[in-house]
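Since the structure comes first, as structure tokens, the remarks are kept for the end.
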Amino acid sequence: MVYVTRREHFNAAHKLICSQWSEEANQEVFGKCANPNWHGHNYDLWVTVKGTPNPETGFVLNTQVLSKIIKEHIIEKLDHRNLNKDIDLEGLQPSSENLAIWIWNTLKPFISQGELHCIKLQETENIYVEYYGD
Ligand code: NI
């Protein structure tokens, strides 16, 4: 089994708040991410697909095709967008955790060669999340 990863990048705005909480409680839990007037992050995204190399091409999958799929279905929808308003997270917070799950669910139907293995999403220099589909 070989694991192939494609890296992409996007910038997006968000705000993490629980509207039924006090401003103090929101600030305490979410910190700067609760700022009322929004803020942005520079996100790095790693999409990993696993599989056995094709005997003719030597590829698990064509990474140019993978890049096109990620750009079309993920980057176009997230880059320079407002994550609270521009995508449907079904009422969940636009945290990196929920975003990684959304990216997995959005991408999975389009991965026709190999098998989607991991979505890694980095929101800040020191924090990233990984989702393996369960
Ligand atoms: Ni934030």
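Every number for a ligand or one of its atoms is a count from 1 in the order of the listing. Since the structure is predicted, the reported quantities are computational estimates derived from the model, not experimental observations.
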For residues 26-35, tabulate all N or O donor-acceptor pairs below 3.5 Å that involve a side-chain atom, not counting sequence neighbours.
residue : atom : partner : partner atom : Å
N26     : OD1  : C18     : N            : 2.8
N26     : ND2  : C18     : O            : 3.0
N26     : ND2  : S22     : O            : 3.2
N35     : ND2  : K32     : O            : 3.3

Looking at I75, is its backbone amide N or carbonyl O close enough to the side chain of D79 to form a donor-acceptor pair, meaning the two atoms are under 3.5 Å apart?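 Absent.
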CA sep, side-chain torsions, deciding dist, call: D44, R7, salt bridge (charged side-chain N to carboxylate O under 4.0 Å, His left out): CA-CA 7 Å; D44 281 310; R7 177 173 174 263; 3.2 Å; yes
Once side-chain contact (heavy atoms from CB on, under 4.5 Å) is applied, do any residues pair with I69, and if so which ones, sequence neighbours excluded?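 In terms of side-chain contact (heavy atoms from CB on, under 4.5 Å), with neighbours along the sequence ignored, I69 is linked to V65, H73, L107, F110.
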Could you grab the protein N, O or S atoms closer than 2.8 Å to the Ni ion (ligand 1) for me?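 Those protein N, O or S atoms (cut-off: under 2.8 Å from the Ni ion (ligand 1)) are H14 NE2, C33 SG, H39 NE2, H41 NE2.
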Pairing residues for Y3 by the ring-ring contact (aromatic ring centres under 6.0 Å, His included) criterion, not counting sequence neighbours: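 Scan of Y3 (ring-ring contact (aromatic ring centres under 6.0 Å, His included), adjacent residues dropped) gives H117.
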For the residue pair Y43 and F10, does the interplanar ring angle fall in the parallel (under 30°), tilted (30 to 60°) or perpendicular (over 60°) class?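 Parallel: the ring planes of Y43 and F10 meet at under 30°.
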